[in-house]
There are 2 protein chains.
Amino acid sequence: MKRITIKDIARELGIHHSTVSRALRGSPEINAITIEKVMRYASERGYQINRNALFLRGSRSNIIGVIVPNIHHSFFSNFVSIVTKLASASGYIVAVFQSEESVKQEKEITKSIIQQNIAGVISSLTMETTDVSHFQQLDSYKIPFVCFDRISPLLSKSAVILDNASALKNVVLKLHGKGFKKMAYLSGVPSIHLFKERQKGYLLGLKEINSQYENCIAITEGFSIENGFEVALKLFNRKNRPDALIFDSHVLAWGALNYLKISKKKLFPKIGIASFGGYPWLSLATPNALVIQQPEEKMAEASFNLLMENIKNPDNCEIKTLMFQAEIA
Amino acid sequence: MKRITIKDIARELGIHHSTVSRALRGSPEINAITIEKVMRYASERGYQINRNALFLRGSRSNIIGVIVPNIHHSFFSNFVSIVTKLASASGYIVAVFQSEESVKQEKEITKSIIQQNIAGVISSLTMETTDVSHFQQLDSYKIPFVCFDRISPLLSKSAVILDNASALKNVVLKLHGKGFKKMAYLSGVPSIHLFKERQKGYLLGLKEINSQYENCIAITEGFSIENGFEVALKLFNRKNRPDALIFDSHVLAWGALNYLKISKKKLFPKIGIASFGGYPWLSLATPNALVIQQPEEKMAEASFNLLMENIKNPDNCEIKTLMFQAEIA
DNA sequence: TTCATATGTGCACACGTGTGCATTTTTAAA
DNA sequence: TTTAAAAATGCACACGTGTGCACATATGAA
């Protein structure tokens, strides 16, 4: 009751296992009758190839590694979902790794990726990733690598990103168009490339509308509901209140909405709210919501295609950066 | 510039590769000096073991397969996230598979799982899974298997499920406690074990409160926002309207909320809404929302632990079914 | 029948690792 | 110094697969 191998088939049919191997691949040098015989017996016995053996020989697996901070986030789970679909359509399977915003974990993951002989990696960096040596190490193992969303200028790899600056500029303009004057931007860790870009865009937007409101950037400690609640609490107890809030994450936005609802100041639902993600829940929950939508499908597809290019063409892998525009709905 | 192997180390150090192998594992039969020498050289050169070779020898990988309908769903992504964390803490990695509610895909997945020599599987079934032979096939390859959430009575495997009947009964009682009288249950495909249980619970609840309202079960076509919108549209244009809706999925609930908001009948926000999942967004969006929360962490942990038991103890794997209670918040 | 050419199969090895066993080297006792 | 025991290392094989090459069988023509 063991796993059946080509050697088993060979023994049973009284031929050599190499013949079985060729027959199963439909090699033209094998007699049609033999092929037929082998094929039939193989499917009768439910033969399944052992890919481990295959990879050991050819030293390239059909496993794609996807590294995200945490998969329990709409953006990342959607991304992984799409990559997984595309991968399985191309005969690959996807291994998911969660860095949990920890460089230490990230290093463990790259180690694991090397050990598993993984065919290629699509990754979004942690917030604290400044040292990128563990990713560069993948080069010496010739493991193709594509970065998405959270990139690092230090890591010269193909990348798929959002035009974060434009996204924030446009959301400022849209809020202005809706009549809001005093927009605050609630940002994450400012050291990350992505957030720097968003801040740039925010300031650019303010400039374009000649905003009188001193630019107001608040750094939240994290991206939890509580963080959103706290930052709203803080901002609305200042002298010069904002009339619109732009969030890096819809989770923060929910926290702020919660504050607005329970605060007796009747600010809700007049305050403008904009956030990355949260469609369509946020729009349903409050009338003045704008959702910044990343084209997740396109970005996932682009990442996968870039990776595939690198896998098929291991030598000639030029570095490309693909930038996508957000939609604001 | 190739991958370094134990043979490379052996050649370089002038010893046999079997000695290197033993040294790297710190075998007591190897001279301490040799171990030291090998260890140092290995870490200098950044040696990483090739797990493919390892698995080929021992024929058991460190890959756990997780099958879900689609990972872009809060419940499943949270589940996968937790399993992945636990797995990586135990030296395993997780491969994600999406059945997309298709038995055909499910069969492809089991095939892939066999080919990859995967160490164990945690799976939730598709809606249309009645034939379970592809899962039973895993037995002949001795691949441990744990079912969660969506199970089948035909598949006698260890399972981790929610007490769906009690959950629905309790939510009926809670809505009744809040003063609602006419509760409708918007259900998915009734052939699935899980939904049958929920219907049972719903009817049990109605009986317990002596509801006068004819039991009202509407079957939605799917689980999209649009489906939720449509079902609300239909129900609220009947003569005897419900005053509370219980949904199998928060996505449906959002669609219904959307209808309530745009319909001029000022039904919103008086209608009671209950749904599986959606915490805390739903509660923030409408005052009369109840969220049925599955203990996802506990369920994921239980599934993982059951699988580990089966992996460690391949022979003595008794079938257990663990049932968890939902919380209603 | 005899040789040359197709056609089909078998042999041996490689991939990287671990392990039972044989062999060599070292150590300790006589 | 010899001998027995102990310690350290090498050898060979296995895991399942694919492939270059040699070999065998069959086909055809002279």
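Within every chain, numbering begins at 1; the chains are lettered A, B, ... in the order of the sequence lines, protein sequences first and strands thereafter.
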Under 4.0 Å from OP1 or OP2 of [N]: is there any side-chain N or O of [X] that close?
X     : N      : value
A:T19 : C:dT9  : no
A:R25 : D:dG18 : yes
B:H16 : D:dC11 : yes

Practice task
For A:T5, answer base if it contacts any base atom (sugar-phosphate contacts may also be present), sugar-phosphate if it contacts only those atoms, and nothing otherwise; contact means non-hydrogen atoms under 4.0 Å.
Solution key: sugar-phosphate
Practice task
Give one of base, sugar-phosphate or nothing for A:L54, where a contact means two heavy atoms less than 4.0 Å apart.
Solution key: sugar-phosphate
Practice task
Heavy atoms only: give me the nearest A:I118-A:I143 pair and the separation to one decimal.
Solution key: O-CG2, 3.7 Å
Handout entry: Heavy-atom closest pair, residues B:I4 and B:Y41
Key = CD1-CE2, 4.3 Å
Problem - Check: A:H17 side chain, D:dG18 base, donor-acceptor under 3.5 Å - result: yes
Spacing of [atom1] belonging to [X] relative to [atom2] belonging to [Y], to within rounding of 0.5 Å:
X      : Y      : atom1 : atom2 : result
B:I63  : B:Y92  : CD1   : OH    : 11.5 Å
A:N70  : A:S77  : CG    : OG    : 10.0 Å
B:L307 : B:C147 : CG    : SG    : 12.0 Å

Handout entry: salt bridge (Lys or Arg N to Asp or Glu O under 4.0 Å) partner of B:R150, chosen from B:E101, B:E128, B:E106
Key = B:E101
Problem - Nearest-angstrom distance from the residue atom CD1 of A:I15 to P of C:dT7 - result: 20 Å
Exercise for the section: Answer yes when B:R45 and B:E12 have at least one side-chain N-carboxylate O distance shorter than 4.0 Å, and no when they do not. Expected result: no
Practice task
Output the residues of residues 46-53 of chain B in contact with DNA chain C, where contact means a heavy atom of the residue under 4.0 Å from an atom of the strand; sort by number or write none.
Solution key: B:Y47, B:I49, B:N50, B:A53
Handout entry: Interface residues of residues 31-41 of chain A with DNA chain C (non-hydrogen, below 4.0 angstrom)
Key = A:N31, A:T34
Exercise for the section: Write out all pairs satisfying side-chain hydrogen bond (donor to acceptor under 3.5 Å, both in side chains) with one or both partners inside residues 23-39 of chain B, taking only residues at least two apart or from two chains. Expected result: B:E36-B:R40
Fill in the blank from the handout: If each end axis of the helix from C:dT5-D:dA26 to C:dA30-D:dT1 is fitted on five C1' pair positions, the angle between them, to 10 degrees, is 70°
Exercise for the section: Kindly assign one of parallel, tilted or perpendicular to the pair A:F148 and A:F75, based on the angle between their ring planes and the thresholds 30° and 60°. Expected result: tilted
Can you tabulate the close N/O pairs, meaning under 3.5 Å, that link protein atoms to atoms of nucleotides 20-25 of chain C?
residue, atom, partner, partner atom, Å
C:dG20, O6, B:R22, NH2, 2.7

Could you write out each protein N or O paired with an N or O of nucleotides 25-28 of chain D at a distance under 3.5 Å?
none

Completion exercise
The side chain to side chain contact (heavy atoms under 4.5 Å, CB included) partner of A:K157 among A:V121, A:D139, A:L306 is A:D139
